[in-house]
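Okay, structure first, notes after.
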Number of protein chains: 2
Amino acid sequence: MTTATTSLPAEITSADLVAKTIREKILEGELEPGRRLQQDHLSDMLGVSRTPLRTALAMIAQEGLIEYEANRGYRVRAFSISEVRDAFAVRAQLEGFACRCAAERKIPDAMIARFEALVTEGDRLLSGGTLDPSLLPAYRRMNVEFHQLIISLAGNSWIESFVRQTHNVPLVSDRIILWDNYDIIYRSHDDHHRIAKAIAQGEGIRAENLMIEHVIFAGKLLAERLEMDPRGVLMPQSKTPNGFLKSRKNGKL
Amino acid sequence: MTTATTSLPAEITSADLVAKTIREKILEGELEPGRRLQQDHLSDMLGVSRTPLRTALAMIAQEGLIEYEANRGYRVRAFSISEVRDAFAVRAQLEGFACRCAAERKIPDAMIARFEALVTEGDRLLSGGTLDPSLLPAYRRMNVEFHQLIISLAGNSWIESFVRQTHNVPLVSDRIILWDNYDIIYRSHDDHHRIAKAIAQGEGIRAENLMIEHVIFAGKLLAERLEMDPRGVLMPQSKTPNGFLKSRKNGKL
DNA sequence: CATTGCAAGATTGGATCCAATTTCCCCCTA
DNA sequence: TAGGGGGAAATTGGATCCAATCTTGCAATG
C-alpha cells in the first residue's frame, strides 16, 4: 500500500497517467490540432518532470495523435475530413469482418443474453419517441458495449486493436453520437437488432453487410456535419478533466 | 502527399535509431520472445544512455512488439500461432479492401506501368523454372513493392498503417517468403498478374477476392510451417549468430 | 526440511543537469 | 524599406543522479 495522497496504484507509472490525460485532452478537443506541446509548460501544468512527460509524448506520437519533428518537439496532429471518412471506411470493413467471424463461431448463451440485454436497453432508451439529451450518455454506453461485444466475440485481437485506433481521432471517437434526429437513431438501433440476431443465428455475411452499412452511414453523417461546422459535433459535456495528480512531492514552483 | 517518412534526411534522434535497431533485432528473431530487455545492458550495448533507450522502448511497446510492466521493465512479446493466423486474416481483409478501393479509382498510367514492370520483374526471376536462393532478395523486394503499390493506390492511410502493423510480428513480416516450392511461388505470382490487371480494369470485387485468397493462403502456409518448426522460416537468410551491433562506445554520432 | 523475514544488491522510474539546436529579435546593409 | 546576419533566449535531446521498487540469497524459525 502506497502512501500517496492521490491514491497512486503502484502498478501504474506516472508516464501512463500523463499519457492518458493528454490523450483525453486531445480527443475532447481541448488541445486543438496544430497546437504545439511545449514540454516545460505541460510538465509543470501536470505536476511532473519532463521525463515521464516525454515518455508519454513518445507513446502518443506512436499512436498517431500527435506528430513529432526532431529538435522541434510535438504538435497535435490535424486530421482532414477525408481522413475521417477513410477511418470510417476501414472501421466499417473491420467491424463487418468481426461480425462475420463472430457469426461463424459458437456464441455462448451468456453472450446471446448480453446481446439481448443491450438491445432491450436501447429499445427502452428510445421508447419515448424523442431523443432526451439526458439519455445520451446511457445510449452511448450501450452502443460502445454493443460494438465491443461483437469485436470480442470475433476473437481476433488485431481487429480490436485496429478499431480502437480508428477511434483515435479528435472529435471522431465512439463517444460521439449525433443525437438530434430520432428517425436516424431509431434506424441505427434497428440495425443493432438485426445484427445481433444475424450473429446469433450464424448469418455471417448478412451480419457483415448490415454492420458495414451501419458504420458507413454513421461516417457519412458525421463527415457531412464536420464539413458544415468542424466543431459542432462536440456536445455540451463538461468533464472537467483538469486537476488530476494535484501535488507531487516537489512542486518546483 | 506526404510520403517517404524515412527518406528525409531531416534530423534523426538517437532514440529513433535505437528503436529501429531494437525493432530489427526482434523481427529478425535475435531477441527472442519472453526475453527481458535490461536497460543498463541494452544502453551500453548500443552506446547511448538510458534516456533515449527508454524513449525507444516506450515506442516499441506502443507498437506491440514488447510488453511493459510497471517497475519490472520490458520483455519481448510472444505471439501464438493463433495470433499469427489472425494477423493474416485481418491483413487479407485489409489488402483486399485496398484492391477494391484502388480499382474504383482512376489509376494514372505511370502506376499501371509500374505494375507491369513489377510483374515482369517477377516473371524474369521465376523464368528459370527453379527457385534460385540468390534471387530471393530480389523477389522479396518486388513482392513488397507490389503490395505497397496497391495500398498506396487505395489512397487510405489507415490501411497502410494497419497493414504495416500486421507485419510487426517476429518471424512473420513481409520479409519472410517461403522460398522452397516453385509451384506455390509461381501460382502466387500468377495472382499478382491477375490482381494487377483486375485493378487496372476496374474490377474491384474480383481484385479483392484474389487478394484475400493470395494473403490467406500465404498465411496458412506460414502457420503450418511454424507449427512444425517455429524457427524454420528464418533459414534462407544470413543468421549472424553473434553479430551483435557493434557497440559504438565512443559516444556521439 | 520447508517456510518466512529481511537485508543487500540490482533494476527501474523520475528529477535534474548540460549540450545542441531552434527561435526570435534587433541591428546592419543594400 | 526589405532582406539578411548574428547572437541571446527558449526549447529540445541526452546524460547523470537519486529514490522507489523488485529480486535474490541467506539465516532464523516452526
Side-chain angles (χ1 to χ4, degrees), chain A residues 1-22 31 34-62 66-77 244-253, chain B residues 8-22 31 34-62 65-77 245 247-253:
Chain A
M1 308 314 168
T2 57
T3 67
T5 56
T6 50
S7 77
L8 186 82
E11 56 273 355
I12 299 294
T13 64
S14 105
D16 289 321
L17 280 180
V18 167
K20 190 170 171 152
T21 305
I22 295 175
L31 291 172
R35 168 114 149 220
R36 182 132 173 260
L37 296 172
Q38 219 152 273
Q39 298 178 2
D40 274 327
H41 183 246
L42 262 181
S43 67
D44 70 37
M45 182 84 71
L46 300 174
V48 296
S49 82
R50 283 174 55 218
T51 306
L53 170 66
R54 284 172 58 189
T55 302
L57 292 174
M59 294 190 301
I60 298 174
Q62 202 64 34
I66 62 181
E67 288 172 322
Y68 173 73
E69 206 174 349
N71 296 316
R72 292 213 204 158
Y74 299 86
R75 51 183 64 239
V76 178
R77 175 169 169 195
F244 81 120
L245 259 192
K246 271 315 188 186
S247 59
R248 303 282 293 177
K249 41 192 167 184
N250 52 349
K252 181 178 182 180
L253 275 187
Chain B
L8 272 176
E11 299 299 338
I12 296 295
T13 65
S14 107
D16 289 321
L17 280 179
V18 167
K20 191 170 169 147
T21 304
I22 296 175
L31 291 172
R35 169 115 150 218
R36 183 133 172 257
L37 297 171
Q38 220 152 263
Q39 298 178 2
D40 274 330
H41 184 245
L42 262 181
S43 66
D44 73 35
M45 184 80 71
L46 300 173
V48 296
S49 84
R50 282 175 54 218
T51 305
L53 171 65
R54 284 172 56 190
T55 302
L57 291 174
M59 295 191 301
I60 298 174
Q62 201 64 34
L65 268 178
I66 63 181
E67 288 171 322
Y68 173 73
E69 207 174 347
N71 295 316
R72 293 215 210 156
Y74 299 85
R75 52 182 63 239
V76 178
R77 175 169 168 196
L245 182 80
S247 47
R248 318 185 281 272
K249 292 183 186 298
N250 55 355
K252 302 302 303 290
L253 304 168

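Residue numbering restarts at 1 for every chain, and letters A, B, ... go by the order of the sequence lines.
With sequence neighbours excluded, the residues forming a side-chain contact (heavy atoms from CB on, under 4.5 Å) with A:A19 are A:R23, A:A56, A:M59, A:I60, listed by chain and number. A:R72 is linked by a side-chain contact (heavy atoms from CB on, under 4.5 Å) to A:E69, counting only residues two or more places apart in sequence or in another chain. The side-chain contact (heavy atoms from CB on, under 4.5 Å) test applied to B:R36 returns B:Q38, B:R75, not counting sequence neighbours. The side-chain contact (heavy atoms from CB on, under 4.5 Å) search around B:E67 returns B:R77, not counting sequence neighbours. For A:D16, the side-chain hydrogen bond (donor to acceptor under 3.5 Å, both in side chains) partners two or more places apart in sequence, or in a different chain, are A:T13.
Listed pair B:Q39 / C:dG13 meets the phosphate criterion, a side-chain N or O lying under 4.0 Å from OP1 or OP2. Neither OP1 nor OP2 of D:dG13 sits under 4.0 Å from any side-chain N or O of B:T51. Between D:dG13 and A:Y68, a contact under 4.0 Å exists linking OP1 or OP2 to a side-chain N or O. Close to C:dT12, at under 4.0 Å from its OP1 or OP2, lies no side-chain N or O of B:Q38.
Considering only side-chain atoms of A:S49, the nucleotide from C:dT16, C:dT12, D:dT16 that sits closest is C:dT16.
When the P atom of D:dA10 is taken as reference, atom CG of A:L37 falls 20 Å away, rounded to whole Å. B:D44 has its CG atom 14 Å from the C1' atom of C:dT11, to the nearest Å. For the pair A:D16 CG and C:dG13 P, the interatomic distance rounds to 10 Å; values are reported in whole Å. Straight-line distance from the OH atom of B:Y74 to the P atom of D:dC22: 16 Å, rounded to whole Å. Residue B:L53 contributes atom CG, which lies 11 Å from atom P of D:dG14 at whole-angstrom precision. Rounded to whole Å, atom P of C:dT16 lies 15 Å from atom CZ of A:R54. Atom CD in B:E69 sits roughly 15 Å away from atom C1' in C:dG13 (whole-Å rounding).
Between A:Q39 and A:L53, the shortest heavy-atom distance links the atoms O-CD2, 3.2 Å.
Of the inter-residue distances, the one linking A:M45 atom CE with A:T21 atom OG1 reads 12.0 Å to the nearest 0.5 angstrom.
No engagement by B:L57 is indicated, since no non-hydrogen atom pair under 4.0 Å with the nucleic acid exists.
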Dump every N/O contact between nucleotides 21-23 of chain C and the protein below 3.5 Å, one line per pair.
| from | atom 1 | to | atom 2 | distance (Å) |
| --- | --- | --- | --- | --- |
| C:dT23 | OP1 | A:R72 | NE | 3.3 |

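When each of B:R50 and B:T55 is assigned the nucleotide of DNA chain D bearing its nearest heavy atom, the one mapping closer to the 5' terminus is B:T55.
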